Each structure stands twice: as structure tokens, then as C-alpha cells.
Amino acid sequence: MTPRLAAGARAEEARRLHARLSHLRRARSGPAGRAGSGAATPERSEEFRTAEDEARRLAAALTEDNRALRTLVDTLMEELRRARMMPAGELVAAFPAMVAGLAAELGRSARLQISGDDLMIDRQVADLIKDPLIHMLRNAVDHGIEPAGARLAAGKPAEGTIRLAIAAADGGRLAFEIADDGAGVDIAAVRAAAVRSRALSDAEAGRMDPDAILDLVFLSNLSTRTVISTTSGRGLGLAIVRERVERLGGSIRLDSRPGDGTTLRMEVPGALASFRGIGVRVGGTDYVWPREAVERTLLLPPDALAAARARGAVQIGDALLPFADLASILGQTDTPADEAGLGGCLLIRHEGRCGLVHAGAITGECEVVVKELRPPLLRVRLVLAAGLLGNGRLALILRP
């Protein structure tokens, strides 16, 4: 637990203690109290007043300590962040030779153009995104760039071009955009691969629009190649890329134009420190939703909550949204009755899609220190990582 988070949590505990003691003193000193039934005696009232004063002083002192500690720690963390930064060019320096070598190995010709490599990136973030970037570049060469003959027949130069653009994004994030001028994603091949892998039925695949089909390339065990080679066919590449990017609190999006190429845009934090999210508690276990995935929180009255559970959907404004209980999603069957009856819900938005999740007990916005999952917990369903809360409890960070 970091000192800054711990001090903030203790200050909040002291404030709650002060409020509780104040309420207890008012209840015991109220007109409803009667001798012999728990009414407050003068001595007891004085005792509560003393405790309340002490709690107030504690809360004030801890709040001041927390303010001073926050300033000190923020200064130290900023200095540490600057020391850990490196030019993005160091991360991507070997990529042009890798792309040219892989293209030659596959009997093609391709070159990599890089821009924005003078931007600074945290060394730890660079280490964590290096493999995803390599996966994306290998996909661009193997699945995007056509053989020279096919390119010439399509009126393109024999040599394919892949562009890696690095740019600053909102919220101190970095965007890595990899675009190729290849053939684009074969929607029909992806649809067939999804049916072949039993991710979809023929009927379901037939009803999906091209954008939804395109998103299937991130599914595990889905590959448009029927022969396994050293570069493709295992159906793991983009699934692993998305998982690692989301574990960092980042996002990835794919856009493709038939005949004109494919663009993959990945956004990740420029530096790793703490992680902000919305805390919830289900069955006594703490969970955290990434803050950017939560559009808003809302409270459903009991009758609306029961109706949403029965329908599996809920009307919010003009939109009919899918609805689910978080406890059910997580496979928890022993949720306490008082928790299940709470109407706290989160409106989740992820990659253009929305849904309402009943979270029961919403503990509010929180800051956690991210702890990477280690073997054998590398790919836990629905979970991005573990997080350490300010009160010392562990929470699981959920995958939107």
C-alpha cells in the first residue's frame, strides 16, 4: 500500500467515525430516551462529546497530513516519472528491419515508415506494449500486404507500405496507429472462420453487419488461415494483443477498407502509476471498473430492478440496453440478500456499445495501484489485473 493512498483512506475512516459518533450522541441525548432503556446520562453524554472532539481533531490532523503527504509524494512521483521516460524511437528502432525481413521471408516487399518517434514513453509501458506492436506489424505484413504480382494487378506499387504513427492522445495517453495499404480484411473469410470455430452459428453470422464481423478478429481461436505457419494460423495474435492492451488500461480499435488496407489504433497510458476506477462490492469481494468504461451511475427502484432482471433489458432514455447482474456474470450465487436488493447500477460503454450492469453496492470512485497477474493467472476470464486499494484490500479490475 502506498503512503499516499493509505493516508487518504485513514482520513476518510476518521471522518466516518466522527459522523457516526455525532449521530450516536444525538440519538442517545434525544427526547425519546428514557431512564433504564439506554437513555444517555450526563456522564455518558460528556463521554460522547469528548470522543467526538477527539475524532474531530483526528480527522483534521489526518486531512492535513494527507494534504502534505500528497504534495510530497506527487512531487517524488513526477521526478520518478521523468527519470523513467525514454524516446519512443528506442522502442521502435528495430521494427523497420523486422518488417523488411518478414516480408522477404514471405516472398513480398514491404517497408515501414515511422513518425512521432521523438515522443516520450514510460520504459515500463514500452516493455509491456513491445510484443503487441510486433504482433500488429506481423499481421500487417502477413495478412495485409499482398504479393507483388497481386499488387501490380490492383494498380498498386509492388512494394507495400506500412505506417506506424505515434501521437499524444487525451488524458496523457499515447496512440500507436499501424496502417497498411494492403488488401484489407476479408469480411467473408472472417465470417466463415467464426462459424468454423463455433464462435457463431450460420444464422447468427448471417445477421451481423460488417463492422460487427470485423470485431470478431479479436476473438481467441479464430483465424482465417487453415494452415498453421510460423506467422499465422493459431488464432491467438490479436486476442492476446487486445488482452495485454486492456490490462494496461488501454484500448484498441480496427478499421479496414476492402482493397485499401487496414488500420489498427492502440491507445495506452503514457506512464504507469495508479489506476482510477469505480469500486463495487459483490458478495463481500471488491471489484473495480476502469473509469473510462463507466459513463455514469444510476439507481433503479426495486420494481424497475425486478422488471429489468425479468426482461434482460432496460429502457434508459430513448435506448433499450442489455441488462445483467454483475454477481451473475461473475458466477457468484451467494450474494447477500441486502446487497442484491440495492439498486446501484453502472452504465458501461465499451467500443461503441452500451449496457447496464447491476452492481449492488457501489463504493464510489477509487484509486488503486495495479498489480499484474502472474502465472498461473495470466488469462483470467473477465479480469484485467489485480489492484491494491487505499485501505489495503485487494480488488480485481474487471475487463469492460
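Being a predicted model, the structure only gives us computed values, none of them experimental.
Side chain of Asp181 to main chain of Thr161: a donor-acceptor pair is present (N/O by atom type, distance under 3.5 Å, no hydrogens or angles). Remark: side-chain polar atoms of Arg291 are paired, donor with acceptor, to backbone N or O of Val294 under 3.5 angstrom. Between the side chain of Thr71 and the backbone N or O of Arg67, at least one donor-acceptor pair lies under 3.5 Å. Looking only at distances, no side-chain donor or acceptor of Asp325 sits under 3.5 Å from a matching main-chain atom of Ala327. A donor-acceptor contact shorter than 3.5 Å links the side chain of Ser256 to the backbone of Val185. Formation of a donor-acceptor pair under 3.5 Å by the Arg108 side chain with backbone atoms of Ile145 is found in this model.
The pair Asp215-Arg253 fails the salt-bridge criterion, with no side-chain N (NZ, NE, NH1 or NH2) lying under 4.0 Å from an Asp/Glu carboxylate O.
Here Glu146 pairs with Arg151, Lys156 under the salt bridge (Lys or Arg N to Asp or Glu O under 4.0 Å) rule; sequence neighbours left out. For Glu204, there are no salt bridge (Lys or Arg N to Asp or Glu O under 4.0 Å) partners at least two apart in sequence or on another chain. With sequence neighbours excluded, the residues that form a side-chain contact (heavy atoms from CB on, under 4.5 Å) with Asp209 are Asp211, Ala212. Residues satisfying the side chain to side chain donor-acceptor pair (under 3.5 Å) test with Thr363, not counting sequence neighbours, are none. Take Leu152 and apply the side-chain contact (heavy atoms from CB on, under 4.5 Å) test, not counting sequence neighbours, and it matches Ala158. Every residue meeting the side-chain contact (heavy atoms from CB on, under 4.5 Å) condition with Gln315, not counting sequence neighbours, appears here in chain and number order: Leu320. Shown here are the side chain to side chain donor-acceptor pair (under 3.5 Å) partners of Thr263, two or more places apart in sequence or in another chain: there are none. Residues forming a side-chain contact (heavy atoms from CB on, under 4.5 Å) with Leu119 (at least two apart in sequence, or on another chain): Ile166, Leu174. Residues passing the side chain to side chain donor-acceptor pair (under 3.5 Å) test with Arg191: none are found, sequence neighbours excluded.
Remark: Leu388 CG to Leu394 CG distance equals 5.5 Å, nearest 0.5 Å. In this structure, CH2 in Trp289 is found 4.5 Å from CD1 in Ile348, a value given to the nearest 0.5 Å.
Residues Leu382 and Val282 are members of one and the same hydrophobic cluster, defined by side-chain heavy-atom contacts under 4.5 angstrom among Ile, Leu, Val, Met, Phe, Trp and Tyr.
For residues 255-267, the salt bridge (charged side-chain N to carboxylate O under 4.0 Å, His left out) pairs, not counting sequence neighbours, are Arg173-Glu267, Glu177-Arg265, Asp255-Arg257, Arg265-Glu267. Sorted pairs that involve residues 310-322 and meet salt bridge (charged side-chain N to carboxylate O under 4.0 Å, His left out), not counting sequence neighbours, are lacking altogether. For residues 90-100, the pairs satisfying salt bridge (charged side-chain N to carboxylate O under 4.0 Å, His left out) are Glu90-Arg123, with sequence neighbours left out.
For the pair Met208 and Leu216, the minimum side-chain heavy-atom distance is below 4.5 Å. Using a 4.5 Å heavy-atom cutoff, the side chains of Ile397 and Val383 are not in contact. Counting heavy atoms from C-beta outward, Phe95 and Asp117 have side chains that stay 4.5 Å or more apart. Between Arg111 and Val99, every side-chain heavy-atom pair lies at or beyond the 4.5 Å cut-off. Inter-residue side-chain proximity for Met98 and Leu112 is flagged as unmet; no heavy-atom pair is nearer than 4.5 Å. For the pair Leu347 and Thr297, the minimum side-chain heavy-atom distance is 4.5 Å or more. In this structure the side chain of Ile129 never reaches within 4.5 angstrom of the side chain of Arg244, judged on heavy atoms. Leu326 places a side-chain heavy atom less than 4.5 Å from the side chain of Val280.
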Test Tyr287 against Arg281 for side-chain contact (heavy atoms from CB on, under 4.5 Å), laying out the working first.
CA-CA 6 Å; Tyr287 298 93; Arg281 185 168 296 135; over 6 Å; no

Show the numbers, then the answer: is there a side-chain contact (heavy atoms from CB on, under 4.5 Å) between Leu164 and Gln113?
CA-CA 6 Å; Leu164 169 57; Gln113 297 178 349; over 6 Å; no

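Minimum heavy-atom separation, Leu321 to Gly355: CB-CA, 4.4 Å.
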